[in-house]
Novice: 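Here it is, the structure, as structure tokens.
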There are 2 protein chains.
Amino acid sequence: MTRKKVKLAYINNDSSRKATYKKRKKGLMKKVSELSTLCGVDACAIIYNPYDTQPEVYPSPAGVHRIVTKFKKMPEIEQSKKMVNQETFLKQKISKVSEQVKKLKKENRDKEMNRLLYGNLSEAAMEGRLEPSKSS
Amino acid sequence: MTRKKVKLAYINNDSSRKATYKKRKKGLMKKVSELSTLCGVDACAIIYNPYDTQPEVYPSPAGVHRIVTKFKKMPEIEQSKKMVNQETFLKQKISKVSEQVKKLKKENRDKEMNRLLYGNLSEAAMEGRLEPSKSS
DNA sequence: TTATCTATATATAATGC
DNA sequence: TGCATTATATATAGATA
């Protein structure tokens, strides 16, 4: 049974989008609640869906108001410093991959050095790491 | 290696609380981002931690402001209707368990009826469903 | 439509560097 | 402190009732 492997894009099918929304909203609210409890932080979430004029909030309208008021008092420039968004995620992922690349390159250099010193070509060749560098 | 089984309560140990905060905040922001994308909803999150004066927000300060403004325009009573919080979670759990209890009771009645009609005591007894009702 | 059921995907606690 | 690993726990897509 193939169950998942969802691409991160707007779900066109109405019923499945709604179903996903319901499940994920519940999960999200639980996560916010857990973070608050475990780490003693003040957190809130507001979700507007197109099916409803009212937003769904955590922890409560009053709680949201209190946090929002705190937030509004802060100058926008200060707020930006701690912004967390998709761009940040992507950047994190990129730097992680870059690190891996660096590590692999070093590994290759070591292998190559080994080959030159001891003529141990077979092992490296087996691992497919010695393809001639194509003219790119 | 025993790895997890965390109770949902404030983590006293400073370093592990901070580590947990970092991980879970990241996960949470990702979840908000995914919900927005998958379901095309307008969502935001604000997290204040004690280690920092600035909150961490999704999707951006401007986005939060926009959503928050929408929220503020709404009368409080309307807001309450769609409140999702821990109380709601608990209520949901309770009603789910209540349903189970109802189902099991019905099952027991059926079993008992069967016994009376056909004298098929053994099966029901094996399943441990025929304990005498205690005076409670 | 809502609820339940599982196979899988994802998140994350503990650990070592 | 932060990052990487990995064993587990949790979330959830898809199917079914």
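To find a chain, count down the sequence lines: A is the first, B the second, and so on, and within it residues start at 1.
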Novice: For B:Y21 and C:dT12, what is the distance between atoms OH and P respectively, to the nearest whole Å?
Specialist: 13 Å

Novice: With a 4.5 Å cut-off on side-chain heavy atoms, are A:P55 and A:I46 touching?
Specialist: yes

Novice: Between C1' on D:dA11 and CE on A:M29, what's the gap in Å once rounded to a whole number?
Specialist: 16 Å

Novice: For A:T20, answer base if it contacts any base atom (sugar-phosphate contacts may also be present), sugar-phosphate if it contacts only those atoms, and nothing otherwise; contact means non-hydrogen atoms under 4.0 Å.
Specialist: sugar-phosphate

Novice: Using only heavy-atom distances, decide whether a donor-acceptor pair under 3.5 angstrom links the side-chain of A:K23 to the base of D:dA13.
Specialist: yes

Novice: Given atom CG of B:N13 and atom C1' of D:dT1, what is their separation to the nearest angstrom?
Specialist: 14 Å

Novice: Do B:K31 and C:dA11 have a side chain to base donor-acceptor pair shorter than 3.5 Å?
Specialist: no

Novice: Whole Å only: how far is the CZ atom of B:R17 from the P atom of C:dA14?
Specialist: 14 Å

Novice: Kindly give the heavy-atom pair with the smallest separation between B:P59 and B:A43, and that separation in Å.
Specialist: CD-O, 3.7 Å

Novice: Is the phosphate of D:dT12, meaning OP1 or OP2, less than 4.0 Å from a side-chain N or O of A:K22?
Specialist: no

Novice: Taking atom P of D:dT12 as reference, at what distance in whole Å does atom CG of B:L35 sit?
Specialist: 9 Å

Novice: The test is side-chain contact (heavy atoms from CB on, under 4.5 Å); show your working for B:Y10 and B:R17 and say whether it passes.
Specialist: CA-CA 8 Å; B:Y10 182 74; B:R17 185 178 62 256; 2.9 Å; yes

Novice: Are OP1 or OP2 of C:dA11 and a side-chain N or O of B:K30 less than 4.0 angstrom apart?
Specialist: yes

Novice: Can you tell me the Watson-Crick or wobble partner of C:dT1, both distances under 3.5 angstrom?
Specialist: none

Novice: Please lay out, stage by stage, how A:L28 and B:L28 fare under the test side-chain contact (heavy atoms from CB on, under 4.5 Å).
Specialist: CA-CA 7 Å; A:L28 182 63; B:L28 182 63; 3.5 Å; yes

Novice: In whole angstrom, what separates A:L38's CG from C:dT12's C1'?
Specialist: 11 Å

Novice: Rounded to whole Å, how long is the line connecting atom NZ of A:K18 with atom P of D:dG14?
Specialist: 18 Å

Novice: Please report, rounded to the nearest Å, how far the P atom of D:dA9 is from the CD atom of A:E34.
Specialist: 15 Å

Novice: So, taking the atom named SG in A:C39 and the one named NZ in B:K25, what distance separates them when rounded to the nearest 0.5 Å?
Specialist: 10.5 Å

